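Worksheet for the structure shown next.
We use all heavy atoms of the structure for the numbers below, so side chains are in, but hydrogens, waters and symmetry mates are not. The model shown is predicted, which means the values in this text are computed figures rather than measured ones.
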Amino acid sequence: MTESLALYIHWPFCAAKCPYCDFNSHVRDRVDHAAFAAALRAELAREAARANGSGPRRKLASIFFGGGTPSLMQPETAAALIEDATQLFDALPDLEITLEANPTSVELAKLRAFRDAGVNRVSLGVQALDPAALDFLGRKHDVAEAIRALGFARETFQRVSFDLIYARPGQPEAAWRAELRQALALAADHLSLYQLTVEPGTQFATLHARGAFALPEGDEAARLYTATAEEAAHFGLLPYEVSNYAQPGAESRHNLAYWRYGDYIGIGAGAHQRLTLDGQILAARRHRAPEEWLARVQRDGHAVTEEEALSPRDRAREALLMGLRLTEGVDPARIAARSTLPFEETVEPGMLDALREEGLLAWRDGRLVATPDGLLRLDAILPLLVR
């Protein structure tokens with residue numbers, strides 16, 4: 001049976017560029033909304049025709065509007081894309097449609113219109129509930145706006161997620177626990193908690209290189225990670241991925257498609273894609289610059305700049321790199337089916353044994369999982385384990 005699909009739609013524009021952000025986001029004084037909407041619809045139609053081929057239409061499990069700041073798009077654009085997607089594919093009855101938004105008054109005023117367009121889940125970029133931290137992170141909202149946004153989102157959508165960034169410079173564990181409790185009490189069912197990292201090419205990278213700030217490392221960062229899980233558990237949110245917590249049943253179905261190495265279509269500037277066609281998994285990416293992406297779609301019907309059939313070993317590597325981030329771990333049979341390689345040929349057997357002896361990996365109910373200590377060291381483990 002053909003697996004269901006996830007659909008990612010990238011809106012590349014933001015009101016401002018955050019100093020920590022290395023996403024494909026751009027600030028523009030003016031955006032031709034009609035032209036970008038038409039181009040997104042054109043790319044979607046093209047990819048749907050390829051995905052469906054001459055066989056039955058693929059099942060659609062989720063749509064995710066990401067960015068950038070997709071809540072800056074016109075709700076009519078989202079409505080048109082949702083309508084197209086549900087006509088081009090067979091939408092599952094519980095189709096999850098997520099929109100990322102910032103907790104500013106401008107964006108909040110549009111949330112009901114996005115709900116009416118078909119969005120049924122919102123993810124708010126809160127990032128902090130501390131005034132100094134919001135200023136350091138370059139956010140355009142204040143604490144009061146964030147709290148108001150969470151309440152409004154809860155009234156408007158059945159499913160609400162929000163992001164927080166921790167391991168900020170000089171952040172004490174007690175202060176992080178208090179901030180996290182305040183956030184969790186605002187009644188979201190899903191929470192993404194990201195440890196602040198310095199990404200190349202960002203404003204933070206320049207400042208960090210100059211010694212303008214230092215980040216918690218080692219045991220200090222590990223204590224903050226452990227505190228995060230403990231506080232989330234008090235509110236019934238359990239970790240299901242390294243940085244994501246949810247009440248049972250409220251996990252992000254869209255992101256699970258990535259981590260479980262399912263098929264997904266990605267449209268919009270810079271979007272990536274993994275799509276099974278004729279027994280091959282094709283990896284594609286689109287031009288990153290919004291204006292060039294638009295010009296290429298208008299000319300060619302798409303802006304794919306690179307597409308390749310992944311080798312069996314590349315498939316296995318990607319499936320392991322993604323799947324071991326999950327609390328549920330990876331199913332060897334799933335790895336073998338997606339890669340066409342026996343599982344034992346996809347990992348270094350001696351290293352697997354060594355990592356198990358060190359208590360970093362374990363077998364649980366026939367699945368390979370990272371232990372709590374292993375999740376803390378996942379970035380170091382994976383290059384050693386994967387062939």
Side-chain angles (χ1 to χ4, degrees), residues 4-11 23 40 44 59-86 89-104 107-127 146-164 183-184 186-194 232 235-241 243-260 262 264-268 271 326:
S4 60
L5 279 170
L7 170 62
Y8 176 79
I9 300 172
H10 189 76
W11 186 258
F23 292 163
L40 286 167
L44 175 56
K59 304 291 185 183
L60 183 64
S62 64
I63 302 172
F64 194 102
F65 290 92
T69 308
S71 51
L72 294 177
M73 73 164 60
Q74 293 177 342
E76 293 82 1
T77 298
L81 287 162
I82 292 168
E83 182 177 2
D84 286 355
T86 54
F89 301 107
D90 285 341
L92 295 180
D94 57 349
L95 177 66
E96 176 188 88
I97 306 177
T98 301
L99 177 87
E100 290 183 331
N102 287 322
T104 65
E107 293 174 55
L108 284 182
K110 298 163 67 177
L111 283 187
R112 285 198 180 97
F114 280 112
R115 179 198 61 194
D116 294 342
V119 172
N120 54 29
R121 181 177 182 270
V122 68
S123 179
L124 292 175
V126 172
Q127 313 308 4
I147 293 172
R148 186 164 57 249
L150 285 165
F152 183 77
R154 181 82 279 169
E155 294 171 1
T156 309
F157 298 93
Q158 289 188 341
R159 299 182 64 197
V160 177
S161 177
F162 62 93
D163 300 350
L164 292 177
L184 289 164
L186 297 170
D189 53 25
H190 185 283
L191 190 58
S192 296
L193 300 170
Y194 299 111
F235 288 83
L237 276 70
L238 304 178
Y240 70 99
E241 190 269 346
S243 302
N244 286 271
Y245 302 75
Q247 293 176 357
E251 299 84 358
S252 169
R253 299 168 205 160
H254 184 86
N255 287 334
L256 281 173
Y258 299 150
W259 295 318
R260 289 172 174 167
Y264 61 92
I265 288 172
I267 63 170
L326 289 167

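More than 12 heavy atoms of other shown residues, nucleotides or ligands fall within 6.0 angstrom of atom OH in Y194.
In this structure, L60 CG and L5 CG are separated by 6.5 Å, a value rounded to the nearest 0.5 Å. Expressed to the nearest 0.5 Å, how far CZ of F162 lies from CD of E100 amounts to 15.0 Å. Taken to the nearest 0.5 Å, the CD atom of E76 stands 12.0 Å off from the CG atom of L81. Here R260 contributes atom CZ and N255 contributes atom CG; the two are 11.5 Å apart, rounded to the nearest 0.5 Å. Here the OG1-CG distance, from T69 to N102, works out to 4.5 Å after rounding to the nearest 0.5 Å. Annotation: the span from S62 atom OG to L92 atom CG amounts to 9.0 Å, rounded to 0.5 Å.
A heavy-atom distance below 4.5 Å is not found between the side chains of T156 and V122. Between P103 and L150, the closest side-chain pair of non-hydrogen atoms is not below 4.5 Å. Contact annotation: the side chain of F65 approaches that of I82 to within less than 4.5 Å [non-hydrogen atoms, C-beta and beyond].
Here the closest heavy-atom approach between residue A6 and residue A257 is recorded as CB-CB, 3.8 Å. Nearest heavy atom pair, residue A271 against residue Y8, reads CB-CD2, 4.3 Å. Nearest heavy-atom pair, A146 versus V126, reported as atom, atom and distance to 0.1 Å: CB-CG1, 3.9 Å. Residues A85 and I63 approach most closely at CB-CD1, 3.9 Å, considering heavy atoms.
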> So L7 and L44, side-chain contact (heavy atoms from CB on, under 4.5 Å) or not? Walk me through it.
Replying inline: CA-CA 9 Å; L7 170 62; L44 175 56; 3.9 Å; yes
>> Using the rule given for side-chain contact (heavy atoms from CB on, under 4.5 Å), can you reason through I265 versus F89, listing the C-alpha separation, both sets of side-chain angles and the distance that settles it, and then say yes or no?
In response: CA-CA 12 Å; I265 288 172; F89 301 107; 3.8 Å; yes
>> Between W11 and L99, does the side-chain contact (heavy atoms from CB on, under 4.5 Å) criterion hold? Intermediate values first, please.
In response: CA-CA 11 Å; W11 186 258; L99 177 87; over 6 Å; no
> When you look at R253 and F64, which way does the side-chain contact (heavy atoms from CB on, under 4.5 Å) test go after all the steps?
Replying inline: CA-CA 10 Å; R253 299 168 205 160; F64 194 102; over 6 Å; no
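A side-chain hydrogen bond (donor to acceptor under 3.5 Å, both in side chains) with R159 is found for one member of E96, Q247, H190 and no other, namely E96. Partner E251 forms a side chain to side chain contact (heavy atoms under 4.5 Å, CB included) with one of L238, D189, L256 and no other, that one being L256. The one candidate from P239, S192, S252 that meets the side chain to side chain contact (heavy atoms under 4.5 Å, CB included) condition with N244 is S192.
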Would you list the atom pairs, donor with acceptor, under 3.5 Å between side chains in residues 114-121 and any protein atom, with sequence neighbours excluded?
residue, atom, partner, partner atom, Å
N120, OD1, I97, N, 2.8
N120, ND2, L95, O, 2.9
R121, NH1, T98, OG1, 3.2

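For an aromatic pair to be called close, the ring centres must be under 6.0 Å apart, and Y264 with Y258 satisfies this.
Between the side chain of K110 and the main chain of P75, no donor-acceptor pair closer than 3.5 Å is present.
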